Amino acid sequence: MKKGTKQLIRRWGLFLFILYVLLLIYFLFFSEEYGRAADVERAYRYNLIPFLEIRRFWTYREQLGAFAVFANIAGNIIGFMPLGFILPVIIPRIRSCFFITLSGFLFSLFVEIIQLLTKVGCFDVDDLILNTVGTFLGCILFLLCDKIRRIYYGKKI
């Protein structure tokens with residue numbers, strides 16, 4: 001691939017990554033639609049039991065509604081898929097799904113700790129699990145797209 005093309009792709013990847021992080025910050029810390037409004041009586045909220053919230057959302061899916069279940073379960077996965085897809089674009093040396101998934105886990109852990117300390121949202125081990133799965137799926141999607149690109153364009157591009 002030409003050096004100018006690589007730089008252009010990396011710049012676009014960096015731009016998309018920054019846009020992605022800004023959107024994540026908004027939805028995870030400021031979006032009133034997801035219960036992020038400033039409450040007078042904020043409290044530390046956390047869940048340290050794996051799959052507790054996932055099971056609760058699934059058990060009460062009819063009472064909670066499809067949007068709440070989708071936003072919690074699929075939203076956490078879909079929300080972190082871009083991280084797994086964009087990281088290998090902006091940091092080409094990191095193409096290992098293990099390191100990308102580990103990066104997604106650490107980033108998610110950082111977000112959850114910030115939510116706990118600021119009392120915005122809830123520290124939830126289930127979110128860590130779902131976000132890590134999303135990062136992994138994003139990495140797999142990147143590898144599939146890269147393989148298709150290599151087949152279609154050849155190894156030179």
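None of the values given here were measured: they were computed from a predicted structure. Each residue takes its place number in the sequence, starting with 1.
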Heavy-atom check, side chain of Thr132 versus side chain of Thr101, under 4.5 Å: yes

Close side-chain approach of Tyr44 to Cys122, heavy-atom, < 4.5 Å: no

CE on Met81 to CD1 on Ile140, rounded to 0.5 Å: 10.0 Å

Joint hydrophobic cluster, Phe110 plus Phe99, side-chain heavy atoms closer than 4.5 Å: yes

Hydrophobic cluster identity match, Phe107 and Phe98, side-chain contacts under 4.5 Å: yes

Can you list, pair by pair, the side-chain donor-acceptor contacts under 3.5 Å of residues 9-25, counting residues two or more places apart and other chains?
from, atom 1, to, atom 2, distance (Å)
Tyr20, OH, Gly79, O, 2.7

Residue from Leu128, Leu130, Ile54 passing side chain to side chain contact (heavy atoms under 4.5 Å, CB included) with Asn76: Leu130

4.5 Å side-chain heavy-atom contact, Thr59 and Arg56: no

Tyr46 vs Leu48 side-chain heavy atoms within contact, under 4.5 Å: yes

Side chain Thr118, main chain Ile114, donor-acceptor under 3.5 Å: yes

N/O donor-acceptor pair under 3.5 Å between Asn72 side chain and Ala68 backbone: no

Disulfide bond (SG atoms under 2.5 Å apart) contacts touching residues 59-104 (sequence neighbours left out): Cys97-Cys139

Test item: Thr135 and Val133 side chains (from C-beta on) under 4.5 Å apart, heavy atoms: no

Shortest non-hydrogen contact between Glu112 and Asp124, atoms and distance: OE1-N, 2.9 Å

Minimum heavy-atom distance between Ser108 and Asn131, given as atom pair plus value: OG-ND2, 2.8 Å

Closest contact, heavy atoms only, Phe80 versus Gly104: CE2-O, 4.3 Å

Check: Phe123 and Asn47 side chains under 4.5 Å, non-hydrogen atoms: no

Side-chain heavy atoms of Ile78 within contact of Phe70, under 4.5 Å: yes

Glu62 atom CD: more than 12 heavy-atom contacts under 6.0 Å: no

Under 3.5 Å donor-acceptor, Arg45 side chain and Gly121 backbone: yes

Gap separating the CG atom of Asp146 from the CZ atom of Arg95, nearest 0.5 angstrom: 5.0 Å

Smallest separation among heavy atoms of Leu87 and Ser103, with atom names: CD1-CB, 3.9 Å

Considering all heavy atoms, the nearest Phe29-Val111 contact: CZ-O, 4.0 Å

Shortest non-hydrogen contact between Leu28 and Gln115, atoms and distance: O-NE2, 3.1 Å

Other residues, nucleotides, ligands: >12 heavy atoms within 6.0 Å of Phe136 CZ: no

CG on Leu102 to OG on Ser96, rounded to 0.5 Å: 9.5 Å

Ring-face cation contact, Trp58 with Arg61, 6.0 Å cut, 45° max: yes

CG on Leu116 to CD1 on Ile113, rounded to 0.5 Å: 8.0 Å

Residues Leu137, Leu141; criterion side chain to side chain contact (heavy atoms under 4.5 Å, CB included); working and verdict: CA-CA 6 Å; Leu137 292 176; Leu141 184 62; over 6 Å; no

